Undergrad: 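Before I ask anything, here is the structure I am working with.
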Amino acid sequence: MLDECTGLRCPVPSRGYQLAAGTANNSRAGGVDVDVVVVGAGFSGLYTLHRLRQLGFSSTLLEAADDVGGTWYWNRYPGARCDIPTTDYAYTFDPELDEEWTWSEKYATQPEILDYLRHVADKYDLRRDIRFSTRVDTAVWDDDARLWRVRTGDGDEIRTRFYVMATGCLSLPKSPDIEGADRFVGEVYFTSRWPHEGVDFTGKRVGVIGTGSSGIQSIPLIAEQAEQLTVFQRTPNFSIPANNGPASEDVLAALEADRDGYREAARWSRGGIPTDPPELMAATVPEDARRERFETAYESGELFQILGIFADQLTNPAANDVVAEMIREKIREIVDDPETADTLCPTDHPFGTKRPCLDTNYYQTFNLPHVRLVDLRRQPIATITESGIETVDETFEFDAIVYATGFDAMTGALVAVDMTGRDGVTLEQKWADGPVTYLGLTTVGLPNLFMVTGPGSPSVLSNMTVSIEQHVEWVTDCLVHLRQHGFETIEPTEVAEAGWVQHVNDCADITLYPVANSWYMGANVPGKPRVFLPYIGGVDVYRGACDEVVERDYLGFTLRGTDGTQCNDGVVRRLQPDVALVLDLMAGLELPPIETMSVTDARAFVEESAAVRPPGPDVAEIVDGVLPGVEGDLRYRLYRPEGPGPHAIVVYFHGGGWVLGDHQSDDPFCRDLCVRSDAVVVSVDYRHAPEHRFPAAADDAFAAVQWVAANAVELGGVPGQLAVAGWSAGANIAAVACRLARDAGGPAIVGQLLVTPVTDCDLTRASYSENGDGNILTKPLMEWFWDHYADPQDRSDSKASPLRAEDLSDLPPAMVVTCEFDPLRDEGRAYAEALAAAGVPTRHLSARGHIHTSLTMVDVVLSGTDARAEMAQMLGERFEASVPA
Ligand SMILES: Cc1cc2nc3c(=O)[nH]c(=O)nc-3n(C[C@H](O)[C@H](O)[C@H](O)COP(=O)(O)OP(=O)(O)OC[C@H]3O[C@@H](n4cnc5c(N)ncnc54)[C@H](O)[C@@H]3O)c2cc1C
């Protein structure tokens with residue numbers, strides 16, 4: 001198991017945690033005071049402590065507050081409650097606990113959740129290892145002793161082998177940051193630090209600043225007491241009624257019937273609650289059915305319902321606006337004064353890209369005569385004064401000001417502790433441009449540090465108790481693994497961390513989340529880097545990645561012990577997230593491989609699949625026609641862009657291994673190409689194998705190019721502005737057509753776009769062994785295509801394998817697109833290199849994380865959007881360059 005020893009120094013016989021078996025004394029003998037220091041006594045810290053004990057580790061939990069509860073200790077403002085149903089928002093690790101606790105409401109109040117966490121602390125006798133009223137200020141990694149020195153506010157130092165930050169995603173309140181905030185002499189309250197004895201606002205003039213979750217929950221209740229209430233709103237948030245009441249009968253019945261099954265389904269769900277992911281795209285649902293789906297979700301009063309009405313509502317602005325507009329309609333229906341209603345309607349961010357809220361009578365509160373809304377976008381606060389608040393337009397007098405201004409989310413509490421890792425690097429320095437983690441759990445340079453629900457994990461986008469349990473179990477299982485195998489330290493590698501950060505960003509980038517100025521993006525804290533903080537790939541996908549890391553021998557981690565070092569370096573998620581989803585979906589369908597079908601069945605299958613895909617963007621006009629091929633008419637489909645024209649023309653050849661497909665089979669991709677490149681696209685249905693074998697397809701391709709060039713004006717094109725494009729086998733014949741045109745002295749072709757082209761018949765390249773299985777286009781399928789298309793002796797002919805052409809000079813400028821996980825990747829690369837070597841201006845676009853088919857899946861694989869835009873841009877540039885000066 002261990003590799004050769006890397007000569008690590010280890011002056012301290014630091015085997016404390018190996019011997020500890022629950023006794024701090026043994027740990028002390030090993031140079032550490034405890035095996036593990038845990039910081040924070042909320043849901044995360046309490047479970048960590050419990051599990052560490054069960055597994056025989058000595059541990060101390062340090063908590064700034066004077067009791068357990070975390071979020072539910074601090075946030076005692078009126079109306080504070082959870083917004084995930086409490087049947088789901090609770091621990092599940094102990095069936096006895098799960099069954100013995102009954103929640104009084106669907107969304108329990110803060111006092112009830114706090115009671116629950118106190119009950120947990122008592123039930124498992126956790127308090128004896130917790131030091132309350134103890135804040136951790138600094139933590140320094142001692143690389144020689146391989147331990148953390150954790151220092152508390154009261155000056156103590158605790159030496160620990162492992163250090164778990166269970167400090168919460170929403171635990172560091174954001175400072176109000178408003179001019180004059182310390183001048184006000186009246187009562188000042190922060191929702192996140194609410195007095196334990198409560199506040200009575202009766203007869204008082206109250207100003208509330210902030211309309212996020214805490215503001216939206218507290219405002220209706222403050223209004224019930226206050227004589228006057230003024231709400232200062234900078235950004236309106238979307239909120240729907242919680243419709244609180246008894247727990248859902250369906251959920252209770254499901255728990256009754258199969259508690260374990262229900263909990264397991266939650267663990268493997270997208271958000272940590274068992275719900276069916278939406279399948280329908282908004283555009284495919286008729287207007288009345290859309291409304292019905294919306295009303296059902298709205299009535300449910302559940303976030304995951306309203307966030308999951310349509311499959312594309314968090315990726316497609318138009319789909320999002322369908323839902324957003326219906327919520328705005330509701331706001332306008334509820335609020336009497338149209339101007340106030342308008343001010344309360346969010347229009348600056350897509351619905352869901354900031355955490356939506358659940359409320360009880362929030363919007364109704366603004367109909368009360370003593371409640372007023374002030375729009376800080378129209379009249380910003382100039383200063384806070386001794387007696388109230390001055391905006392640029394008005395002066396307000398208050399007895400009390402309530403700040404509901406939110407948190408420095410996800411990174412705040414972590415960076416607030418001055419943490420120094422190896423070589424004196426601090427966490428703050430390391431994260432200066434945004435947090436970088438491996439799995440949201442660990443970070444390079446700070447060995448043996450674990451973060452529960454850290455940045456880069458699903459955390460705040462999920463039902464957090466499910467995510468917390470998963471993290472705690474992963475971390476504690478990891479410690480057991482280290483103990484069992486004699487390792488003392490664990491640290492991610494640079495490669496694994498960079499790969500994870502890339503994956504987290506890839507996931508966010510295909511959604512609308514990054515466009516909002518939300519706390520998910522760090523945008524609520526001045527100066528905080530604008531980075532999407534949580535992982536949006538889903539609880540299920542995330543759990544799968546964490547499990548896979550373990551199964552692959554702690555992939556991406558370096559484990560060190562006195563006997564040596566182990567490192568299986570690598571990146572756990574390399575496919576683009578939407579490509580991975582497509583592959584999962586296909587695998588779930590358990591379809592027979594195409595190469596096992598007859599040609600007729602394979603064609604029927606391709607046609608059926610095409611019928612259910614999203615259509616792609618609208619174009620101005622589609623015309624079907626025929627053009628003369630070598631041995632008879634060939635069908636074509638012409639896509640015309642908006643605008644009077646004439647336009648440049650692209651002759652396009654579809655994919656399908658010379659066997660499958662026709663002039664309409666790449667319809668969404670052709671539409672996309674047409675719209676993006678502002679060119680007429682003529683997609684040609686060349687003759688197919690096995691009926692017409694090599695070189696029929698290539699000859700037809702050249703004939704089609706000749707005909708389109710000759711009829712450019714009639715087709716609405718600009719003579720001379722003609723490019724050729726193709727995908728896969730279509731790119732193969734496009735490349736050949738360019739050579740035939742060169743050799744025939746015309747027609748002139750201004751550019752060639754070859755998307756994942758077949759360029760050679762050699763199936764032994766590395767990309768075939770790496771990607772020849774499981775990525776839709778497989779090696780057996782490619783063999784099947786070749787068998788149908790060309791006899792073995794013909795395959796090395798340059799009309800079948802253009803890479804083998806003796807002379808590639810003087811061909812049209814090219815863009816060759818290859819995909820990382822495509823069996824054809826290496827022959828595409830080789831062709832790009834060969835073209836460049838022959839003096840042809842060539843751009844090679846290498847699509848990271850993509851498979852052979854994914855770039856053409858318009859509106860399904862959104863991560864291909866940038867590549868599609870680049871292709872169109874290349875064509876545009878070629879057309880521009882071809883215009884005579
Ligand atoms: C008002 C509100 C409502 C929420 N509702 C939901 C919901 O419905 N569903 C959901 O999934 N999530 C909800 N959340 C998120 C919530 O934070 C998590 O669900 C969960 O409670 C987090 O538990 P935790 O133990 O990870 O962190 P926390 O509960 O935040 O606990 C962290 C603890 O660490 C302590 N701490 C931090 N730094 C230090 C330090 N340096 N030294 C010592 N102690 C320190 C803090 O005092 C705190 O007690 C809500 C959050 C808020 C603010």
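Whatever order the structure lists them in is the order used to number ligands and atoms, beginning at 1. Note that the structure is a prediction, hence the values are computed from the model and not measured.
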Undergrad: Has Y73 got any heavy atom lying under 4.0 angstrom from an atom of ligand 1?
TA: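 No, Y73 has no heavy atom closer than 4.0 Å to ligand 1.
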Undergrad: Are any of the N/O atoms in R81 less than 3.5 Å from those in ligand 1?
TA: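 Between R81 and ligand 1 (N or O atoms, distance only) the closest approach is not under 3.5 Å.
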Undergrad: Looking at every non-hydrogen atom in both residues, tell me the closest pair between V436 and T443 and how far apart they are.
TA: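 Answer, listing the atom of V436 first, then T443: O-OG1, 2.8 Å.
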Undergrad: Which atoms of ligand 1 have any heavy atom of N463 under 4.0 Å away?
TA: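 Matching atoms, with element in brackets: 11 (O).
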Undergrad: Could you find the nearest protein heavy atom to atom 8 (O) of ligand 1 and give me its residue, atom name and distance?
TA: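 Minimum-distance protein heavy atom for atom 8 (O) of ligand 1 reads D83 N, 2.6 Å.
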Undergrad: Could you pull out all residues at least two apart from T134 that satisfy side-chain hydrogen bond (donor to acceptor under 3.5 Å, both in side chains)?
TA: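 Expected list: none.
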Undergrad: Relative to the heavy atoms of V39, which atoms of ligand 1 are at a distance of less than 4.0 Å?
TA: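 Per the distance check, 39 (C), 40 (C), 42 (N), 43 (C), 44 (N), 45 (C).
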Undergrad: For ligand 1, which is the ligand I care about here, please tell me if V136 has any N or O atom under 3.5 Å from one of the ligand's N or O atoms.
TA: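 Among all N and O atoms of V136, at least one is under 3.5 Å from an N or O of ligand 1.
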Undergrad: Quick check: does A64 get an N/O under 3.5 Å from an N/O on ligand 1?
TA: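 Right, the criterion is met.
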Undergrad: Between T465 and ligand 1, is there a nitrogen or oxygen pair with a distance under 3.5 Å?
TA: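 It does not: no N or O of T465 is found under 3.5 Å from an N or O of ligand 1.
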Undergrad: Do Q110 and Y77 meet the criterion of a side-chain donor-acceptor pair at a distance under 3.5 Å?
TA: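 No, Y77 and Q110 have no side-chain donor paired with an acceptor closer than 3.5 Å.
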Undergrad: Could you say whether the N/O atoms of V417 and ligand 1 ever approach to under 3.5 Å?
TA: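 V417 vs ligand 1: no N/O contact under 3.5 Å.
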Undergrad: Ring centroids only, cut at 6.0 angstrom: are F132 and Y73 within range, meaning strictly under it?
TA: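 So the answer is no for these two rings.
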Undergrad: Do K430 and E497 meet the salt-bridge criterion of a basic N to acidic O distance under 4.0 Å?
TA: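 A salt bridge links E497 with K430.
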Undergrad: Would you mind checking which non-hydrogen protein atom is closest to atom 27 (O) of ligand 1, with the distance to 0.1 Å?
TA: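 Closest protein heavy atom to atom 27 (O) of ligand 1: G168 CA, 3.1 Å.
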Undergrad: Considering W72, F43, F132, Y47, which one's heavy-atom position lies nearest to atom 4 (C) of ligand 1?
TA: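 Minimum heavy-atom distance to atom 4 (C) of ligand 1 goes to W72.
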Undergrad: Please say whether N75 places an N or O atom under 3.5 Å from an N or O atom belonging to ligand 1.
TA: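 N/O-N/O distance under 3.5 Å: no.
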Undergrad: Any atoms of ligand 1 less than 4.0 Å from a non-hydrogen atom of R135? List them with their elements.
TA: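 Heavy-atom distances to R135 below 4.0 Å select 39 (C), 40 (C), 41 (N), 42 (N), 43 (C).
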Undergrad: Below 4.0 angstrom, N of the basic side chain to O of the carboxylate: do R53 and D125 qualify?
TA: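 No.
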Undergrad: Using heavy atoms and a threshold below 4.0 Å, how should the contact between I468 and ligand 1 be classified: side chain, backbone, both, or neither?
TA: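 Side chain only.
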Undergrad: Considering non-hydrogen atoms of the protein only, which is the closest contact for atom 12 (N) of ligand 1, and what is the distance?
TA: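 Result: Y89 CE1, 3.7 Å.
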Undergrad: May I ask you to list the atoms of ligand 1 that are less than 4.0 angstrom from any heavy atom of G70?
TA: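 In order of number, 28 (P), 29 (O), 31 (O), 48 (C), 49 (O).
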Undergrad: Enumerate the atoms of ligand 1 whose separation from the nearest heavy atom of F407 is less than 4.0 angstrom.
TA: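 Near F407, meaning under 4.0 Å from one of its heavy atoms, ligand 1 has 53 (C).
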Undergrad: Would you say that E491 contacts V444 through its side chain, given a criterion of any heavy-atom pair below 4.5 Å between the two side chains?
TA: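 Yes, their side chains come closer than 4.5 Å.
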Undergrad: Run the ring-centre check on Y89 versus W103 and record whether the distance is less than 6.0 Å.
TA: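 No, ring centres 6.0 Å or more apart.
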Undergrad: Out of the candidates W72, Y189, W74, only one should pair with W194 under the ring-ring contact (aromatic ring centres under 6.0 Å, His included) rule; please name it.
TA: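 For W194, the ring-ring contact (aromatic ring centres under 6.0 Å, His included) test succeeds with only one of W72, Y189, W74, which is Y189.
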Undergrad: Closest non-hydrogen protein atom to atom 49 (O) of ligand 1, residue and atom name please, with distance?
TA: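 Protein heavy atom at minimum distance: E63 OE1, 2.8 Å.
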Undergrad: Tell me yes or no: between the side chains of R267 and T92, is some donor less than 3.5 Å from an acceptor?
TA: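 Yes.
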Undergrad: Starting from atom 1 (C) of ligand 1, what is the nearest protein heavy atom, named by residue and atom, and what distance separates them?
TA: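 Protein heavy atom at minimum distance: Y77 OH, 3.3 Å.
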Undergrad: Among all protein non-hydrogen atoms, which one is nearest to atom 25 (O) of ligand 1, and what is the separation to 0.1 Å?
TA: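 Ranked first by proximity to atom 25 (O) of ligand 1 is S44 N, 2.9 Å.
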Undergrad: Considering the heavy atoms of W74, write down every atom of ligand 1 situated less than 4.0 Å from one of them.
TA: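 The list of qualifying atoms is 46 (C), 47 (O), 48 (C), 49 (O).
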Undergrad: Relative to the heavy atoms of C82, which atoms of ligand 1 are at a distance of less than 4.0 Å?
TA: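 So the atoms of ligand 1 that pass are 5 (N), 7 (C), 8 (O).
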Undergrad: Among all protein heavy atoms in this structure, tell me which lies nearest to atom 11 (O) of ligand 1, with the distance rounded to 0.1 Å.
TA: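 Checked against all protein heavy atoms, atom 11 (O) of ligand 1 sits closest to M464 N, 2.8 Å.
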Undergrad: Between Q470 and W474, does any side-chain donor sit less than 3.5 Å from a side-chain acceptor?
TA: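 Side-chain D/A pair, Q470 to W474: absent.
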Undergrad: Would you say the side-chain atoms of D33 pair up with the backbone N or O of R159, donor to acceptor, closer than 3.5 Å?
TA: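 A pair under 3.5 Å: yes.
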Undergrad: Is the closest heavy atom of S462 to ligand 1 under 4.0 Å?
TA: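 Yes.
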Undergrad: Check each heavy atom of T71 against ligand 1 and say whether those closer than 4.0 Å belong to the side chain, the backbone, both or neither.
TA: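 Looking at T71 and ligand 1, atoms from backbone and side chain both fall under 4.0 Å.
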Undergrad: State the atoms of ligand 1, each with its element, that fall below the 4.0 Å cut-off from a heavy-atom position in S171.
TA: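 Those qualifying, in numeric order: 30 (O).
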Undergrad: Are R135 and D154 ion-paired here, with the side-chain N under 4.0 Å from a carboxylate O?
TA: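 D154 and R135: not salt-bridged.
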Undergrad: When the aromatic ring centroids of Y91 and Y124 are compared, is their separation below 6.0 Å?
TA: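 Not under 6.0 Å, so no.
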Undergrad: For the 3.5 Å polar cut-off, considering only N or O atoms, please tell me whether Q217 and ligand 1 meet it.
TA: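 Looking only at distances, the answer is no, because the N/O contact criterion of under 3.5 Å is not met.
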Undergrad: Looking only at heavy atoms of T134, does any of them come nearer than 4.0 Å to an atom of ligand 1?
TA: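 Under 4.0 Å: yes for T134.
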Undergrad: For atom 34 (O) of ligand 1, what is the nearest protein heavy atom, given as residue, atom name and distance?
TA: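 The closest one turns out to be G40 CA, 3.2 Å.
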Undergrad: Which is it for A80 and ligand 1 at heavy atoms under 4.0 Å: side chain, backbone, both or neither?
TA: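 Neither; nothing of A80 gets under 4.0 Å from ligand 1.
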Undergrad: Answer yes or no for S213: is there a heavy-atom contact with ligand 1 below 4.0 Å?
TA: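 So S213 does not count as touching ligand 1.
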Undergrad: Donor-acceptor pair, distance only, cut-off 3.5 Å: does the side chain of N463 make one with the backbone of D88?
TA: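 At least one qualifying donor-acceptor pair exists.
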Undergrad: Could I get the full list of side chain to side chain contact (heavy atoms under 4.5 Å, CB included) partners for A242, not counting sequence neighbours?
TA: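 Result, side chain to side chain contact (heavy atoms under 4.5 Å, CB included) vs A242: Y107, L358, T360.
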Undergrad: Can the ring centres of W141 and Y163 be said to be less than 6.0 Å apart?
TA: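 No.
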Undergrad: For the ring-ring contact (aromatic ring centres under 6.0 Å, His included) test, which of Y542, F43, F450 pairs with H471?
TA: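 Testing H471 for a ring-ring contact (aromatic ring centres under 6.0 Å, His included) against Y542, F43, F450 leaves exactly one candidate, Y542.
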